[in-house]
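Below is one structure, written out as structure tokens, with a few remarks after it.
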Amino acid sequence: MKLWGGRFESGPAEVFERFSGSLHFDRELFQADVEGSQAFAKALRHVGILSREECDGILDAFNRMLEEAAAPGYFDADDEDIHTFVIRKLGERVGTLAEKIHTGRSRNEQVACDFRLWMKGEIRRIQGRLEALMGSLLRLADRERDALLPGYTHVRRAQAVLFRHYLLAYFEMFHRDWQRMQEAHLRTDVSPLGCGALAGSGFPFDRAQMASDLGFSGVAANSMDAVSDRDFALDFLYAGSLVMLHSSRLAEDWILYSSEEFGFLEIGDEVTTGSSLMPQKRNPDALELLRGKTGRVCANLQGLMMTLKGLPMSYNRDLQEDKECVFDTAAQVADSLEVLTLCVDTARIHRDAMESAAERGWVSATALAETLARRGVSFHRAHQIVGGIVLASVKAGKSPADWTLAELMEFAPELDERARQALAPRAALENHQLAGGTDPARVEDALAEARKRLARLEQARAGEAA
Ligand code: ARG
């Protein structure tokens, strides 16, 4: 079936039908299309196109379609797109009455409406997954109160941090990702219904009523914008790209940290694989796939940006290319978050390996230099002194703990027993007592604060669902 044809003498070529048909992917919008059509049927009743009985019959037929759609093969059809499919299915139930459902409606507003409804649901689903991941990071931080990590810059040991401080860094990223999803939701939550093909509808529909029937917070202000705007989809693709970029950074850390060379942690059997050839192997494929899928999700954003670039006003068929990239991003991001959460939940932390890496490295060098600076030594000289100690250590194969006070005092008379104690990585933690730093008491505060912030996100989402 087609929703057009009167003006044509012959039909489209088979190759072109295959090229332009979208049912094989836009069936994803089935439920949104039916619900949107139900709201539209009510609007048709209010303007007198449908009688009450006709409208009720249509609403009921749509409800039954929603039930039967789970049957295998339901979508095996050759309709041009999901909108055509839904109207044909309606016709199978209500006969020629179905021909009235498209009165004063264009697929241009309809597809925008369906897409927005679908995306609103996906954004909430992804926010739920982000909350679960943040909760897992906080639980791991609760479990690992004291674990000490040699913090890195340039993948070189830099300064000691609490492992939970490191975990909270990722909490911050995923918290911002949740907010970005919220922003995307805000701009998606606008109803295009009543905008027609581009100029507005020829019938006096109550646009606010249709919007509220569908749970939209508002109506699009301009009919041309409403049928051609897809920047709400770009917002989502961008927010999804950042979720993946952040996941990918955590994945990369843990690929390194779980290697034999680092030995800081292990992820569970649930998320690791073996080798078909090398019996000893335990590979972090889950983390590698998280890193790998990031490329494709970022490409989805690039792809749609290029599709939209230079599109003339208003609807153009190019816009049909907006869907697969968004469907793919939603599926990949939701799955990735679930897998990453499992990696965090099954992680076993090897505290001793982390701590001894910190002790062998010079992660307290800065704290020692700052101790000297507090005693009136210029920071430049303090830096030189400590640099000299590190150089001597490297040459002698010594760790910080191997130095006696007498030996240290040869480098600078200002060095005393308290300064020597500052060489212990744990002591260096307390050197960072400002808000946001890794001093244990500050981190405890930050963790308590993070728990409250997560609870607020969960409440905000539950409040909207209620
Ligand atoms: N399948 C189209 C899309 O995804 C919607 C239908 C509008 N088609 C049209 N030729 N006006 O954008």
Side-chain angles (χ1 to χ4, degrees), residues 1-8 10-37 39-40 75-91 98-99 101-122 188 190-202 214 220 222-234 236-237 300 303-331:
M1 179 183 121
K2 289 215 168 21
L3 297 175
W4 47 272
R7 191 236 175 277
F8 291 82
S10 67
E14 198 194 314
V15 60
F16 176 58
E17 284 205 312
R18 230 184 314 121
F19 182 71
S20 61
S22 56
L23 183 59
H24 61 285
F25 59 83
D26 66 14
R27 56 201 262 180
E28 185 74 32
L29 300 176
F30 173 72
Q31 187 177 338
D33 198 75
V34 170
E35 287 169 5
S37 297
F40 194 71
F75 293 98
D76 293 348
D78 56 6
D79 300 288
E80 183 181 344
D81 56 25
I82 189 64
H83 324 294
T84 315
F85 174 88
V86 165
I87 293 177
R88 183 174 59 74
K89 284 280 181 192
L90 180 67
E99 291 169 12
I101 187 69
H102 212 57
T103 313
R105 180 173 73 164
S106 163
R107 282 182 295 169
N108 300 351
E109 61 184 323
Q110 191 180 356
V111 73
C113 175
D114 295 358
F115 200 31
R116 285 170 180 272
L117 282 176
W118 183 90
M119 254 178 59
K120 282 174 62 182
E122 287 300 300
T188 303
V190 176
S191 170
L193 284 192
C195 287
L198 76 160
S201 181
L214 289 168
N222 179 289
S223 62
M224 297 179 85
D225 180 46
V227 297
S228 64
D229 162 34
R230 293 293 183 274
D231 45 66
F232 67 93
L234 291 181
F236 171 69
L237 292 176
N300 286 335
L304 185 57
M305 287 201 292
M306 292 308 99
T307 296
L308 296 181
K309 176 190 173 295
L311 269 194
M313 206 49 145
S314 58
Y315 179 86
N316 301 271
R317 189 65 180 271
D318 315 43
L319 290 173
Q320 180 170 298
E321 292 294 316
D322 63 356
K323 283 171 212 65
E324 286 159 293
C325 52
V326 167
F327 295 163
D328 182 58
T329 286

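As the structure lists them, so they are numbered: ligands from 1, and atoms in each ligand from 1. All heavy atoms count here, side chains included; hydrogens, waters and symmetry mates do not.
- If you number the atoms of ligand 1 from 1 as listed, the ones under 4.0 Å from a heavy atom of D81 come out as 1 (N), 6 (C).
- Distances below 4.0 Å separate heavy atoms of N108 from the following atoms of ligand 1: 7 (C), 9 (C), 11 (N).
- Interface of Q320 with ligand 1, defined as ligand atoms under 4.0 Å from a residue heavy atom, comprises 1 (N), 2 (C), 3 (C), 4 (O), 12 (O).
- Salt-bridge annotation for R317 and E80: present, with a side-chain N of the basic residue lying under 4.0 Å from a carboxylate O of the acidic one.
- For R116 and D229, the salt-bridge test passes: some basic side-chain N is under 4.0 Å from an acidic carboxylate O.
- Rounded to the nearest 0.5 angstrom, D33 CG and R107 CZ are separated by 10.5 Å.
- In this structure, CZ on F327 lies 4.0 Å from CG on L29, to the nearest 0.5 angstrom.
- The shortest N or O to N or O distance between D26 and ligand 1 is not under 3.5 Å.
- At least one N/O-N/O distance between Y315 and ligand 1 falls below 3.5 Å.
- Ligand 1 has an N or O atom lying under 3.5 Å from an N or O atom of K323, backbone or side chain.
- In this structure, CG in D328 is found 12.5 Å from CZ in F25, a value given to the nearest 0.5 Å.
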